[in-house]
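Quick note: residue numbers are just sequence positions, from 1. All ligand and atom numbering here is 1-based and tracks the order in the structure.
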Amino acid sequence: MERYKVIKELGDGTCGSVYKALNLETNEIVAVKKMKRKFYFWEECMNLREVKSLRKLNHPNIVKLKEIVRENHELFFIFEYMEYNLYQIMRDRQSPFSEAEIRNLMSQVLQGLAYMHRNGYFHRDLKPENLLVTDDTIKIADFGLAREVTSRPPYTDYVSTRWYRAPEVLLQSSSYTPAIDMWAIGAILAELFTFCPIFPGESETDQLYKICCVLGTPDWTTLPEGMNVSRFANFSISEIMPVNLSDIIPNASLEAIDLITQLCSWDPLKRPTAEQALQHPFFHVGMWVPYPLQDPFQSKPNDMVEPKLELNLWDFGTEPDDCFLGLTLAVKPSVSDIEMVHQVSQNSREELLLCSGFQERSDQTVMWPIPSLNQTGNVPVKSSLSSSYIVNSQISCPTIGVPQSAGFTISSMQPNLLDRPLVAVSSPFQQSHYL
Ligand SMILES: Nc1ncnc2c1ncn2[C@@H]1O[C@H](COP(=O)(O)OP(=O)(O)OP(=O)(O)O)[C@@H](O)[C@H]1O
């Protein structure tokens, strides 16, 4: 390990401490994870789940394990270095993510996860701290709990982070599937909009209660067999009705709400797989129309230029992706004083058609963002993703009240989405619909 010079500590997890270090031979910055327990034989190291899974997985959205060093019975993993984890980014950001940014982050995570599941592994501990970000790229890290899909239940040693834990795990099902990762993805997706965990339970029982407060009580007939439903007996669940997710995640589009709803299904079989989630309309949004335009012509002042909507087939390219974009962009305004704004950056291209007839009221600007795919198939996000964080800033917003069930004490509970301020979003994108 003399080849590495420690620069600073990055994190102290359950299994190991992680350091930023410089490789003195190559001048490369790396992350060194020093395992807490001792390893007396190489076989022990090679049998670690983290090693077994990471050695087999090679994907742009999975953090790369570069080297394993055993020295004086101590084990070190040398990883590629990533600048932030997603938790730090959400904590330090001053403004909410745009939906385009969330789409970009989520599509990358899902691509990494789909690859992992395809190759027979599930992660079991997805949470914002385990999603690492550098510039526009996000990667899945911490494979300490990863399991082979074909490994045999019962899984008794599972201790994942509570807030992202799927109900079947909370209900002590001993055989669960990659669908537990999809639950975590749903919870993370919701959090990306609000910067508040959606199910911040303080104990396992409270975790179930928090889930019930959002989703309502489950339909008992759809819960898979083998779940220890007696855990629900700790609180009165009969009266808990589901909340409208749009009320607690007001800045999410209907597509995002639908995807979160599907991912956070009580029934693991109802959750989409990572591949299926990538096909969800949330990832294929090419056109945003702000809320006031849902019914624009009823309240339109007389002198306002009415846009003619026309279908220009020559706007369609010949590439498959162009066809897709063309279809989503098929309806285009043709007012005479249309302004076309091209924002071209190295990694992203977003064209905004600004319909000036609506510019007198800022919330009526018609915008057609045109996300273009980069080489990896991701919708690029603004390159400032990781550069604009302001440390320790707070976002404050109004409280949303949620009926709490009788018969359960909530006095000491951690505030969550339901009882804590929400991100205030003043953008015209609060509600949207697609043509
Ligand atoms: N490759 C990396 N580059 C930069 N930072 C990293 C890297 N890997 C891990 N970290 C940082 O170290 C923290 C802890 O890492 P990791 O989750 O791998 O350790 P752990 O001991 O398994 O933790 P946990 O208690 O979550 O299981 C991460 O949240 C992250 O902030």
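Close approach to N130 involves these atoms of ligand 1, each under 4.0 Å from a residue heavy atom: 17 (O). Below 4.0 Å from some heavy atom of E129 lie the following atoms of ligand 1, by number and element: 28 (C), 29 (O). Each of the atoms 1 (N), 2 (C), 3 (N), 6 (C), 7 (C), 8 (N), 30 (C) of ligand 1 lies under 4.0 Å from some heavy atom of L132. Annotation for ligand 1: atoms under 4.0 Å from non-hydrogen atoms of A31 are 1 (N), 2 (C), 3 (N), 7 (C). Near F79, with a cut-off below 4.0 Å to any heavy atom, the atoms of ligand 1 are 1 (N).
At under 3.5 Å, not a single nitrogen or oxygen of D12, backbone or side chain, sits near a nitrogen or oxygen of ligand 1. At least one N/O-N/O distance between K33 and ligand 1 falls below 3.5 Å. Here's the thing with G16: one of its N/O atoms is less than 3.5 angstrom from an N/O atom of ligand 1. Polar contact with ligand 1: absent for L10 (N/O pair, distance under 3.5 Å).
In this structure, the separation between CD on E191 and CD1 on I102 is 11.0 Å, given to the nearest 0.5 Å. A distance of 9.5 Å separates NZ of K139 from CG of L132, quoted to the nearest 0.5 Å. With rounding to the nearest 0.5 angstrom, the CD1 atom of I249 is 4.5 Å from the CD1 atom of I198.
Considering each of V30, V133, V18, L65, the one bringing a non-hydrogen atom nearest atom 12 (O) of ligand 1 is V18.
With a heavy-atom cut-off of 4.0 Å, K127 touches ligand 1 through its side chain alone.
Considering only heavy atoms from C-beta on, M106 comes within 4.5 Å of I188 through its side chain. Here the side chains of R103 and L189 are not in contact, with every heavy-atom distance at 4.5 Å or above. Contact annotation: the side chain of K210 never approaches that of V214 to less than 4.5 Å [non-hydrogen atoms, C-beta and beyond].
Residue-ligand proximity: A141 is placed with every non-hydrogen atom at 4.0 Å or more from ligand 1.
In summary, of the residues considered (Y164, F199, W163, F122), a ring-ring contact (aromatic ring centres under 6.0 Å, His included) with W183 occurs for F199 alone.
Of the N and O atoms on the side chains of N61 and T137, not one donor lies less than 3.5 Å from an acceptor on the other residue.
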